[in-house]
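Structure, as C-alpha cells:
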Amino acid sequence: MKKNQSLRIAQVAADYYRQAGPDPELSHFEEWLNTLNEPMRNYFRKEGFEGAKGVVDFRRFVAEQNGQGLKEYMRRHLSGSDYEAWLQQNP
C-alpha cells in the first residue's frame, strides 16, 4: 500500500469514528462487555463505562448497533482501489 493511499484510508477511518453517532449509553457498555473474552471483559468492567467511552472497539460497537457499519462506511467514502486495499488489511 502506498503512503498516500494509507493516509486517505486513515482519514476516512478517523472520520468514521468521529461521526459514529450518538454517545454510547450504559446499555451499550453492558452489551459490549458480553462480546468480550476474558481477561478483556474483566479489565473493562474495572475501567467502567466512562473509561470505555474513548475505546475504538467500543465506539465501533455502538456505531454498528446504531446501523452505521464500518465496512459500509468505508465502501461509500473510499475509491474502489482504496477500499480494496483497506479490505486486504481488514478482512
Side-chain angles (χ1 to χ4, degrees):
M1 190 181 314
K2 296 178 185 176
K3 184 177 181 178
N4 287 341
Q5 186 177 49
S6 294
L7 291 173
R8 288 190 304 270
I9 292 169
Q11 182 61 51
V12 171
D15 291 345
Y16 170 80
Y17 288 104
R18 272 193 294 275
Q19 67 78 45
D23 285 335
E25 298 176 7
L26 185 57
S27 62
H28 292 126
F29 178 67
E30 294 297 330
E31 290 174 28
W32 179 64
L33 285 177
N34 291 329
T35 69
L36 301 176
N37 294 322
E38 293 297 345
M40 294 305 289
R41 180 182 303 143
N42 191 45
Y43 173 81
F44 283 109
R45 193 178 312 275
K46 288 178 184 176
E47 290 294 307
F49 176 56
E50 290 299 320
K53 282 184 177 180
V55 174
V56 172
D57 287 338
F58 181 48
R59 297 296 298 185
R60 180 177 179 183
F61 177 84
V62 172
E64 291 187 355
Q65 292 294 308
N66 291 320
Q68 299 172 357
L70 177 60
K71 283 189 177 183
E72 179 61 22
Y73 185 89
M74 298 299 277
R75 187 189 62 74
R76 284 193 331 260
H77 292 88
L78 291 172
S79 70
S81 61
D82 286 354
Y83 180 68
E84 289 301 319
W86 179 78
L87 280 177
Q88 296 260 331
Q89 300 295 315
N90 300 276

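For this chain, numbers begin at 1 and follow the sequence in order. All values below come from the heavy atoms of this structure, side chains included, with hydrogens, waters and symmetry mates left out.
The two residues Thr35 and Phe61 make their nearest non-hydrogen contact at CG2-CE1, 4.0 Å. Counting all heavy atoms, side chain and backbone alike, Leu87 lies closest to Lys71 at CD2-CE, 4.4 Å. Minimum heavy-atom separation, Gln5 to Ser81: NE2-O, 3.4 Å. The two residues Val55 and Phe44 make their nearest non-hydrogen contact at CG2-CE2, 3.6 Å. Contact between Ile9 and Met74 at its shortest, heavy atoms only, is O-CE, 3.8 Å. When every heavy atom of Leu70 is checked against every heavy atom of Glu64, the shortest pair comes out as N-OE2, 3.5 Å.
The line from OH of Tyr83 to CD of Gln88 is 11.5 Å long, rounded to the nearest 0.5 Å. The distance from the CG atom of Leu7 to the NZ atom of Lys2 is 13.5 Å, given to the nearest 0.5 Å.
The aromatic rings of Phe29 and Phe58 sit perpendicular, their planes meeting at an angle over 60°, well past the 30° parallel limit. Between His77 and Tyr73, the ring planes are parallel. Angles under 30° get that label, and only those over 60° would be called perpendicular.
Here the side chain of Asn90 pairs a donor or acceptor atom with the backbone of Trp86 at under 3.5 angstrom.
Side chains of Asp15 and Gln11: a donor on one and an acceptor on the other come within 3.5 Å.
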